[in-house]
Amino acid sequence: EVQLQASGGGLVQAGGSLRLSCAASGFTFDDYAIGWFRQAPGKEREGVSCISSSDGSTYYADSVKGRFTISSDNAKNTVYLQMNSLKPEDTAVYYCAAARYYKMGYVLRIDWSEYDYWGQGTLVTVSS
């Protein structure tokens, strides 16, 4: 059974940091790209960042570039999203998802429609 378990959300003041974790199981980790998405109330789902554990490629949305860092621990089948310099507009439910990397042609994309498996969300609230 494929499972993606996101954790690490919480309440933080603007300028603070949080680290989200996405623990994956039930599939061959190296064959998949793992992405982070977020959805704020009343807004559409937004792709934040993604990583390929097989070749180390990463991608960041412009809105988080320079503030967020995605990484992968292949021994633990876990992807992390380190979020620094958080802003109130980062407030959202964050989801991790997995996509078959070969279906992307081995080029990372953060298009949610390409992601097959989704975890439950973790809420990040940034106060001003």
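- Gln5 is not listed as a side-chain neighbour of Gln3, based on a closest heavy-atom distance of 4.5 Å or more.
- Using modelled atom types, one side-chain atom of Thr78 and one backbone atom of Lys76 make a donor-acceptor pair closer than 3.5 Å.
- When all heavy atoms of Phe29 and Ser53 are compared, the closest pair comes out as O-OG, 3.2 Å.
- Follow the hydrophobic side-chain contacts under 4.5 Å out from Leu18 and you reach Trp36 in the same cluster.
- When the side chains of ILVMFWY residues are joined at heavy-atom separations under 4.5 Å, either directly or via intervening members, Leu11 and Leu123 end up in two distinct hydrophobic clusters.
- Here OH of Tyr106 is found 12.0 Å from OG of Ser57. Values are rounded to the nearest 0.5 Å.
- Of all heavy-atom pairs between Asn84 and Gln82, the closest is OD1-NE2, 2.9 Å.
- In the hydrophobic cluster analysis, where Ile, Leu, Val, Met, Phe, Trp and Tyr join through side-chain heavy atoms closer than 4.5 angstrom, Tyr59 is grouped apart from Val64.
- Using a 4.5 Å heavy-atom cutoff, the side chains of Tyr80 and Leu20 are not in contact.
- Listed here is the closest heavy atom pair of Cys22 and Ile34: SG-CG2, 4.3 Å.
- The shortest side-chain heavy-atom distance between Val107 and Arg109 falls under the 4.5 Å cut-off.
- With rounding to the nearest 0.5 angstrom, the CD atom of Gln13 is 5.0 Å from the OG atom of Ser127.
- Of all the heavy atoms in Ala14 and Pro88, the pair that sits closest is CB-CD, 4.1 Å.
- Separation of the Tyr32 and Phe27 ring centroids falls under the 6.0 Å cut-off.
- Judged purely by atom type and a 3.5 angstrom limit, Thr28 has no side-chain atom pairing as donor or acceptor with the backbone of Asp30.
- The shortest distance between side-chain heavy atoms of Val12 and Thr125 does not fall below 4.5 Å.
- You'll find the side chain of Leu4 stays beyond 4.5 Å of the side chain of Tyr95, heavy atoms only.
- In this structure, Arg45 is positioned above the aromatic face of Trp118, its NZ or CZ under 6.0 Å from the six-membered ring centre and within 45° of the axis.
- The shortest side-chain heavy-atom distance between Asp31 and Arg100 does not fall under the 4.5 Å cut-off.
- Linking Ile, Leu, Val, Met, Phe, Trp and Tyr whenever their side-chain heavy atoms come within less than 4.5 Å leaves Val2 and Tyr101 in two separate clusters.
- The shortest non-hydrogen separation linking Gly9 to Thr122 is N-OG1, 3.0 Å.
- How far CD of Glu114 is from NZ of Lys103: 10.0 Å, rounded to the nearest 0.5 Å.
- At least one cation-pi condition fails for Arg38 and Tyr94: the charged atom is not both under 6.0 angstrom from the six-membered ring centre and inside a 45 degree cone around its axis.
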Exercise for review: Using the salt bridge (Lys or Arg N to Asp or Glu O under 4.0 Å) rule, take Lys87 and Asp90 through it: C-alpha gap first, then chi angles, then the decisive distance, then the call.
Suggested key: CA-CA 5 Å; Lys87 305 175 182 179; Asp90 294 318; over 6 Å; no
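- A distance of 7.5 Å separates CG in Asp111 from CZ in Phe37, rounded to the nearest 0.5 Å.
- Atoms OG and CZ, on Ser49 and Arg67 in that order, are 12.0 Å from each other to the nearest 0.5 Å.
- Linking ILVMFWY side-chain heavy atoms closer than 4.5 Å, directly or via other members, places Leu81 and Ile110 in two distinct hydrophobic clusters.
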Practice item. Please assess Ser63 against Glu46 for the test side chain to side chain donor-acceptor pair (under 3.5 Å), listing each intermediate value before the final yes or no. Key: CA-CA 10 Å; Ser63 58; Glu46 175 190 14; 3.1 Å; yes
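- When all heavy atoms of Cys50 and Gly35 are compared, the pair lying nearest together is CB-CA, 3.7 Å.
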